[in-house]
Each structure stands twice: as C-alpha cells, then as structure tokens.
Asker: 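Starting off with a structure, shown below.
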Amino acid sequence: MSEKKAAADNKYIEGYIERSRKAQETFEKLTQEETDRAVMVAARTVFDNAEELAAMAVEESGMGNYEDKVAKNKGKARVIWNSLKNRKSKGIIETNEITGIIKIAKPVGVVAAITPCTNPIVTPMSNIMFALKGGNSIIITPNHRAVGCSTRTVELINKKLATLGMPEDLVQIIDQQSRENTRDLITAADVVIATGGMGMVKAAYSSGKPALGVGAGNVQCIIDENVNFEEAIPKIVAGRIFDNGIICSGEQSVIAPEKHMYEIINEFKNNGAYVVKNKKEKEALLEAMFIDGNMNKQIAGKSVQIVAKMANIQLSEEIKLMVIEVDDSEEEKMFAKEKMCPVLSLYKYKNFKEGVETAKRNLDYEGKGHSVCIHSNSRENIEYAGQALSVSRIVVNQVSATGAGGSFFNGLAPTNTLGCGSWGNNSISENLTYKHLINISRIAYHMEGNSVPTEKELWTI
C-alpha cells in the first residue's frame, strides 16, 4: 500500500473516531432512564423490522434461512433487552456495607465492533445495546459479505435514536469496508469487540487496545443413559438445523450410549434425519465438506439438500439433517470438527466417563473453551462433565444453539458474543454483555471494626 493511500485511510477512520468521541461525551451525561430508552430502541427496531432484515441477510450472505433469521431477530431483541432492563450501569451501581466498597460505573469511551456474516443483524444490534448501556459510542465494521444488511440495521436504529434526541453519530458503521480500515479502527478505538473468524479475532488482540473476542465453536452434545430420548433428540435436531447450522453454539457432535444406539438412531430418523453409515457416502461427504483440513466455506449455512448434493447424495425435501455414524479411525477424524451446516456426527460410548473423554478429545481437536451440551437427569454426571471439560458453558437439557447464548430459561447472559477463556485464546470465559464495556471506580472506606486474625488463626487451615 502506498503512503498516500495509507494516509487517506487513516484520515477516513480519524473522522469516524472524532465524530464518535464528540457524540459519546454528550451521551455519557444522560440519566440512566434516558440511556435505557436508547438501548430499548435498538432492540425494538430490530424486533419491528425482523422480516425485512432477515430477508436481506439471507439474500446478501447466502447463509441460513429466512424463517429462523426472523425468529432470531425477534428472539434476541427480546431476551437481550430483558436482561439489560432495570440494571444500573451509570453512577453508583453497588454499595457494600460489609466491605466498605462503593462501585461507580463509567464508560470506556469509543467501542469498535467487528461483526460476522453469520449473524449480520443481531450481533450489531447486541453490540450497540451493550455499548449504549455503558454510556459509550460505537463504530461497527461489518463483514464484507453482509455490508448491506448490517448497514440497513444501523440506519434503522439511528433513525429511531434521532426521535429520542440522541447525539448524532452515537452509532456509526464503516461505509468503506476493508482490512486497512478495520485495522485503523481497532487501533484507534478504546475497546474492541471481535465476533467472527479466528484470524480476525487474533488481529483484534494484536491491536494494542483491550479486546473482547470469541473462540471457535464445536459443541459436543452428550446424551446420558437415563434420559427420555424422545424428549432429548428433538432438541438436538432443532439446534443442529437452526438457521441451517451456522450458529457457533449449535450442536456439532452427539456422543451417546452404545447400548441404546438402536433407539437413538431410530429417534433421529423419526425427527427427519438421514443416517449415513455407508463408507462410500462418508468418503464423499468428507471430500465435499473439508478442503485441506478446513471446513469448505461453500457449505456454511446451506440446506442439508445442497450439502448432500455436493457429495452426490440425493435427499428428499423432507430430510432435515444428516447424521453420520463416526468411528475412531484416522480416516474419519475430520468429522469431529465444526460443521456449519445441518450435519451431525454421532459417536458411541460404553460408559459416561468414556463419553466425556470422547468430548474432550474432539474439543482438543477443535472448539476447546466454547460450549458443551448435556442431556442428563444425573447431577453427578453433569457436574463430572463440567469439571472434566475445558469449556466456558455447559448447557443442560436445552437446545444449545439457542440456549448457550442466554435465554429466558437459563442464567447465562443473553448475547451473540461467547467468550471461550484462555482455552480459546480469549480474554473472557463468559457471555459478553454491557458489564464488559464499563470501567468501575471503587471507593474503599476504612473499616475500623474489621478483625485481624491471630498468628495461629492465620496459619491454620
């Protein structure tokens, strides 16, 4: 790149940063109620325009399906706003009379958010909501495969924010998408949120600014012997096929008891699965789905019929997903990886601990730090797996695709950005929310009445 081009790029991004800082300085002076109205408007705008934005996302990205994207737009808008409503995020947010600590929330400033083509509507929406909740401004750089629909989302939100009298340029989106502009943005902002591929996340962590990124997904789903398969398997199928399988928290592999395999396979078939056992079909799928050890990007978010056709397998329109019976051979090792389409790998175990070891082995291969799904009625087994597996969240008896990112029915923070801890080379091992986009000042009072332990008390366990 020429020096002249680099200078022009820098000036372009500097304009975004300057406008963003000016807007943020005004916005942070607003009350909690005024701030929350802006946050609610961002969610309500996506909720009210869910159909238009879903159609745009499918057409532009070529991924997923319209019905699930509508459901995602509406569902995420509702659950994320519900989680933020009535939460203190400005001024004094906590007073602890026991410790003498008073916590005061303050904005981080200008947030830069890199958003993916897999979730080009709800990820910008949630990033906007979290940033505004903390009194920040935000600049979004969208994926090149989803510039149009992400930009439309921001335009609609800004139109509604203007009716509230919010500062102009509080929410911006880059209109000249390039690696250079993204690089300049993340090095100039105060905090970076990176949701998407590992290369992009690594760049965010190399920006020199605090970064909040995500790791690779590859959710292992363990079925215990003691569950009702007629209840568990429909949930697994629902998660695997949701939005044609592009959700990072979607079920990727099922690990099930060998002695119940006949019942389990039949239940998958009852729920629209085509079960792949034939060696020739497996080889064809491997060739179609993976290129040089990596997932073929052409299958991402495609229907099961399209994926099957690429492997010269003919499926009827009634089929919802393919389930591949995988053995432990080196030839079939690739099926343990993330598959962003309606294809599910199926492994068998002799006892639950062996099943956990299979999950661990697959996660070590890809997806360590993200999520595991368990269908079980045994608290002992659930907690054993929770202690044995290096993941940030264990979703129990739920659809992982729609539950790991938080829901009305679990205590995980609703989000579209799922941290994977040090296992996934991330700075957080929880779901990203507004608390990651605020600074906290702590007032520490002298607690005269606190007791000091004797030497014997101190050094005795």
Side-chain angles (χ1 to χ4, degrees), residues 20 23-24 26-28 30-58 64 66-90 107 111 113 115-116 119-140 142 146 148-173 193 195 243 247 402 405-409 412-417 431-438:
S20 193
Q24 192 274 324
T26 300
F27 183 63
E28 71 172 313
L30 301 184
T31 66
Q32 183 74 69
E33 182 180 351
E34 290 169 323
T35 300
D36 286 348
R37 287 189 185 280
V39 178
M40 182 176 69
V41 155
R44 188 58 191 263
T45 299
V46 169
F47 182 89
D48 289 343
N49 295 277
E51 291 82 4
E52 175 195 343
L53 296 173
M56 287 186 70
V58 172
Y66 171 76
E67 292 79 12
D68 287 345
K69 287 192 186 297
V70 171
K72 189 195 306 183
N73 291 347
K74 287 182 176 289
K76 284 293 186 179
R78 294 176 70 244
V79 72
I80 293 175
W81 165 241
N82 183 68
S83 73
L84 301 181
K85 187 178 180 181
N86 299 324
R87 299 246 183 181
K88 290 184 178 180
S89 61
K90 299 177 72 71
V111 177
T115 58
N119 281 318
I121 310 301
V122 292
T123 301
M125 176 200 72
S126 60
N127 288 169
I128 290 167
M129 293 173 70
F130 299 148
L132 297 186
K133 182 70 176 178
N136 310 292
S137 57
I138 184 169
I139 305 169
I140 293 166
C149 58
S150 295
T151 299
R152 177 61 175 162
T153 302
V154 172
E155 288 174 348
L156 289 169
I157 290 172
N158 276 333
K159 187 176 179 180
K160 290 296 183 180
L161 288 175
T163 66
L164 298 180
M166 292 296 151
E168 190 177 359
D169 302 315
L170 186 61
V171 177
Q172 299 182 83
I173 186 166
I193 305 173
T195 314
D243 209 12
I247 308 299
T402 53
S407 80
F408 286 112
F409 305 103
L412 297 171
T415 193
N416 295 292
T417 302
N431 291 0
L432 179 87
T433 185
Y434 77 98
K435 74 176 185 178
H436 299 106
L437 299 177
I438 56 175

Asker: Which one of Asp169, Leu170, Ile128 satisfies the side chain to side chain contact (heavy atoms under 4.5 Å, CB included) criterion with Ser137?
Answerer: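 Only one of Asp169, Leu170, Ile128 forms a side chain to side chain contact (heavy atoms under 4.5 Å, CB included) with Ser137, namely Leu170.
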Asker: Under a 3.5 Å distance rule, please check whether Gln24 uses its side chain to pair with a backbone N or O of Gly135 as donor and acceptor.
Answerer: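 Flag set: sc Gln24 to bb Gly135 pair under 3.5 Å.
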Asker: Are more than 12 heavy atoms, taken from residues, nucleotides or ligands other than Glu51, located less than 6.0 Å from that residue's CD atom?
Answerer: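 Yes, CD of Glu51 has more than 12 neighbouring heavy atoms, counting only those of other groups under 6.0 Å.
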Asker: I'd like to know if the side chain of Thr115 pairs up with that of Thr123 as donor and acceptor (distance under 3.5 Å, no hydrogens or angles considered).
Answerer: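 Per modelled atom types, Thr115 and Thr123 side chains form no pair under 3.5 Å.
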Asker: Do Leu437 and Ile138 have side-chain heavy atoms sitting under 4.5 Å apart?
Answerer: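 In short, these two side chains do not touch, never coming nearer than 4.5 Å.
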Asker: Taking all non-hydrogen atoms of both residues into account, name the closest pair between Cys149 and Ile121 and its distance.
Answerer: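 In this case the closest contact between Cys149 and Ile121 is O-CD1, 3.6 Å.
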Asker: Are Lys85 and Asp36 close enough for a salt bridge, meaning some N to O gap below 4.0 Å?
Answerer: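 Not counted as a salt bridge, because no side-chain N and carboxylate O are separated by less than 4.0 Å.
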Asker: State which residue, out of Asn416, Asn119, Thr433, Thr415, fulfils the side-chain hydrogen bond (donor to acceptor under 3.5 Å, both in side chains) condition with Ser126.
Answerer: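 The option that passes is Asn416.
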Asker: First locate atom OG1 of Thr45, then atom CG of Leu156, and finally report the distance between them rounded to the nearest 0.5 Å.
Answerer: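 The distance works out to 7.0 Å.
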Asker: Given Lys72, which partner from the list Ile247, Val46, Thr402 fulfils the side chain to side chain contact (heavy atoms under 4.5 Å, CB included) test?
Answerer: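 Among Ile247, Val46, Thr402, the one that satisfies the side chain to side chain contact (heavy atoms under 4.5 Å, CB included) with Lys72 is Ile247.
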Asker: If we ignore hydrogens and angles and just use 3.5 Å, is the side chain of Gln32 paired with the main-chain N or O of Lys90 as donor and acceptor?
Answerer: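 Indeed, once roles are kept as given, a pair shorter than 3.5 Å links the two residues.
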Asker: Does Arg78 offer a backbone N or O that forms a donor-acceptor pair with the side chain of Asn82 under 3.5 Å?
Answerer: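 Looks like no, no N/O pair under 3.5 Å.
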Asker: Please give me the minimum heavy-atom distance between Thr153 and Pro120, naming the atom from each residue.
Answerer: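 Scanning both residues completely, I find the closest heavy atoms to be OG1-O, 4.5 Å.
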Asker: Examine distances only and state if a side-chain atom of Ser89 and a backbone atom of Lys133 form a donor-acceptor pair shorter than 3.5 Å.
Answerer: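 Here the side-chain-to-backbone pair exists.
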Asker: Which is it for Leu30 and Met166 under the side-chain contact (heavy atoms from CB on, under 4.5 Å) test, yes or no, and what are the steps along the way?
Answerer: CA-CA 10 Å; Leu30 301 184; Met166 292 296 151; 3.7 Å; yes
Asker: Identify the heavy atoms of Ile140 and Pro124 that sit nearest to each other, and give their distance.
Answerer: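 Nearest heavy atoms, Ile140 then Pro124: CD1-CB, 3.8 Å.
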Asker: So with a 6.0 Å cut-off around NZ of Lys74, is the heavy-atom count from everything else above 12?
Answerer: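 Result for NZ/Lys74: enclosed.
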Asker: Can you name the nearest heavy-atom pair linking Met129 to Ala42, along with the distance?
Answerer: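 Of all heavy-atom pairs spanning Met129 and Ala42, the closest is CG-CB, 3.8 Å.
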Asker: Rounded to the nearest 0.5 Å, how far apart are CE of Met125 and CZ of Phe130?
Answerer: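 Between Met125 CE and Phe130 CZ, I get 8.0 Å after rounding to 0.5 Å.
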Asker: Rounded to the nearest 0.5 Å, what separates atom NZ in Lys160 from atom CD1 in Ile157?
Answerer: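 Those atoms lie 11.5 Å apart.
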Asker: Out of curiosity, Glu155 CD to Asn49 CG, how far, rounded to the nearest 0.5 Å?
Answerer: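 Output value for this atom pair is 11.5 Å.
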Asker: Measure the shortest side-chain to side-chain distance between Asn127 and Leu432 over non-hydrogen atoms and say whether it is less than 4.5 angstrom.
Answerer: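 In contact.
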Asker: Let me see the working for Ile173 and Ser150 under side-chain contact (heavy atoms from CB on, under 4.5 Å), right down to the final yes or no.
Answerer: CA-CA 8 Å; Ile173 186 166; Ser150 295; 3.9 Å; yes
Asker: With rounding to the nearest 0.5 Å, note down the distance linking CZ in Arg37 to OG1 in Thr31.
Answerer: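 OG1 of Thr31 is found 8.5 Å from CZ of Arg37.
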Asker: Heavy atoms only: give me the nearest Phe27-Leu132 pair and the separation to one decimal.
Answerer: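 Heavy atoms only, the tightest pair is CE2-O, 3.3 Å.
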Asker: How close do Ala54 and Lys69 get, counting heavy atoms only, and between which atoms?
Answerer: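 Heavy atoms only, the tightest pair is CB-CB, 3.7 Å.
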Asker: Which value, rounded to the nearest 0.5 Å, describes the distance between Thr35 atom OG1 and Asn136 atom CG?
Answerer: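 These two atoms lie 10.0 Å from each other.
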Asker: How about Phe408: does its CZ atom have over 12 heavy atoms from other parts shown lying under 6.0 Å from it?
Answerer: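 More than 12 heavy atoms, drawn from other residues, nucleotides or ligands, come within 6.0 Å of this atom.
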